[in-house]
Amino acid sequence: MHHSEAHFQTSETFLLSAVLALSGGFQDAYTYNVRDEVFSNAQTGNIVLMSQHLMEGDWMTALHYLFPLLAFALGVFVAEHISHRYKTSTRLHWRQIVVAIEFVLLLLVGFIPTQYNIIATALVSFACSMQVQTFRKVHGYGYASTMCIGNLRSGTESLSIYLRDKRPEALRKALHYYGIICVFALGAGAGGICSLHIGLRAIWISSLLLCIAFGMMQKERR
């Protein structure tokens, strides 16, 4: 089946998904480089590091990884409730509400000094999880805009199916996933470089990307 741009809500288009993935990669590189080498998106990495520090008896360092985990879970919870409560809103699409909250949180993070890194990383993780809960499809394919492992698995599975069955749809699907991974990587690279040169306020570049995403959703259908 051929997927055309017109068949999908703005939130499912590749262009918007790419802007969100760019922002997602940027956020992860920012918290790692500027905020005590804690991941905002890659919670698997946080669990590994938290567990290691707990077993070493380093409880305070372990907390630096626990708070982003808890914040990530809370963000999913809040985004799900926003979706339920504002599903029929006519003034703003509920996804725009989520992006607006994410924008404000990341703006605040840029003002938080380094001695409160634990709060900054928790806020970024909260924002990330709201995004990953809210934007889950690109052209009808389930994906994640703030992490890569699921996209890599799905893309490679589709590529394998294409190589075996020569189905154009499978290749199109694989290219969508690999495209999102490449954009995420670009965002992460840019996030790392900007973090090293700009410092704490580098996260505002991610806020700018979210402004673009918000504007792109003006014609979003319910």
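Starting from 1, each residue takes its place in the sequence as its number.
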Gap between atom CD1 of I212 and atom CG of L15 - 0.5 Å precision: 9.5 Å

Counterpart residues, side chain to side chain donor-acceptor pair (under 3.5 Å), relative to H176 (two or more places apart): H139

Shortest non-hydrogen contact between A170 and I161, atoms and distance: CB-CG2, 3.9 Å

Reported CG-to-CZ distance for the pair L106 and F26, which is rounded to 0.5 angstrom: 10.5 Å

Which atom of P113 lies closest to which atom of L200, heavy atoms considered: CA-CD1, 4.0 Å

T31 and Q27 side chains, donor-acceptor separation under 3.5 Å: no

Point-to-point distance, once rounded to the nearest 0.5 Å, from CE of M216 to CD of Q96: 12.0 Å

Check against ring-ring contact (aromatic ring centres under 6.0 Å, His included), F39 and Y32: CA-CA 6 Å; F39 292 109; Y32 187 83; 5.2 Å; yes

Test item: Q131 side-chain N/O and L20 main-chain N/O as donor-acceptor pair under 3.5 Å: yes

Electrostatic pair R153:E157 at N-O distance under 4.0 angstrom: yes

Scan the side chains in residues 182-196 for donor-acceptor partners under 3.5 Å anywhere in the protein, sequence neighbours excluded, and list what turns up.
from : atom 1 : to   : atom 2 : distance (Å)
S195 : OG     : G191 : O      : 2.6

Contact summary for I198 and A202, nearest pair of heavy atoms: CG2-N, 3.7 Å

Side-chain donor or acceptor of R95 paired with backbone N/O of M217 under 3.5 Å: no

Co-membership, hydrophobic cluster, residues W94 and L16, 4.5 Å side-chain: yes

Check against ring-ring contact (aromatic ring centres under 6.0 Å, His included), W204 and F111: CA-CA 10 Å; W204 292 346; F111 290 107; 5.0 Å; yes

Residues Y65, V38; criterion side-chain contact (heavy atoms from CB on, under 4.5 Å); working and verdict: CA-CA 6 Å; Y65 298 101; V38 176; 3.9 Å; yes

Distance (rounded to the nearest 0.5 Å) between N151 CG and Y177 OH: 7.0 Å

Transitive ILVMFWY side-chain link L70 to M130, under 4.5 Å: yes

Atom pair CD1/CG of I119 and L123 - distance to nearest 0.5 Å: 7.5 Å

I118 with W59, same ILVMFWY side-chain cluster at under 4.5 Å: yes

In one Ile/Leu/Val/Met/Phe/Trp/Tyr side-chain cluster, 4.5 Å: Y116, M60: yes

Side-chain touch S17/T13, heavy atoms, less than 4.5 angstrom: no

Minimum heavy-atom distance V76-Q133, with the two atoms named: CG1-OE1, 3.5 Å

Minimal non-hydrogen separation, A18 against I180, with atom names: N-CD1, 4.0 Å

Validation row: Q43, N46 side chains within 4.5 angstrom (heavy atoms): yes

Among S129, S125, S206, side-chain contact (heavy atoms from CB on, under 4.5 Å) partner for S40: S125

R35 side chain near I112 side chain, heavy-atom distance below 4.5 Å: yes

Pair V78-I101, side-chain contact (heavy atoms from CB on, under 4.5 Å): steps then yes or no: CA-CA 11 Å; V78 170; I101 294 169; 5.6 Å; no

Residue pair V109 / A120: nearest heavy atoms and the distance that separates them: CG2-O, 3.9 Å

Crowding at CG, L163 (>12 non-hydrogen neighbours, <6.0 Å): yes

Same cluster (ILVMFWY, side-chain, under 4.5 Å), F214 and I205: no

Side-chain donor-acceptor contact under 3.5 Å, Y178 with T156: yes

Rounded distance [0.5 Å steps], NE2 in H81 versus NE2 in H84: 8.0 Å

Listed partners of R167 passing salt bridge (Lys or Arg N to Asp or Glu O under 4.0 Å), at least two apart: D165

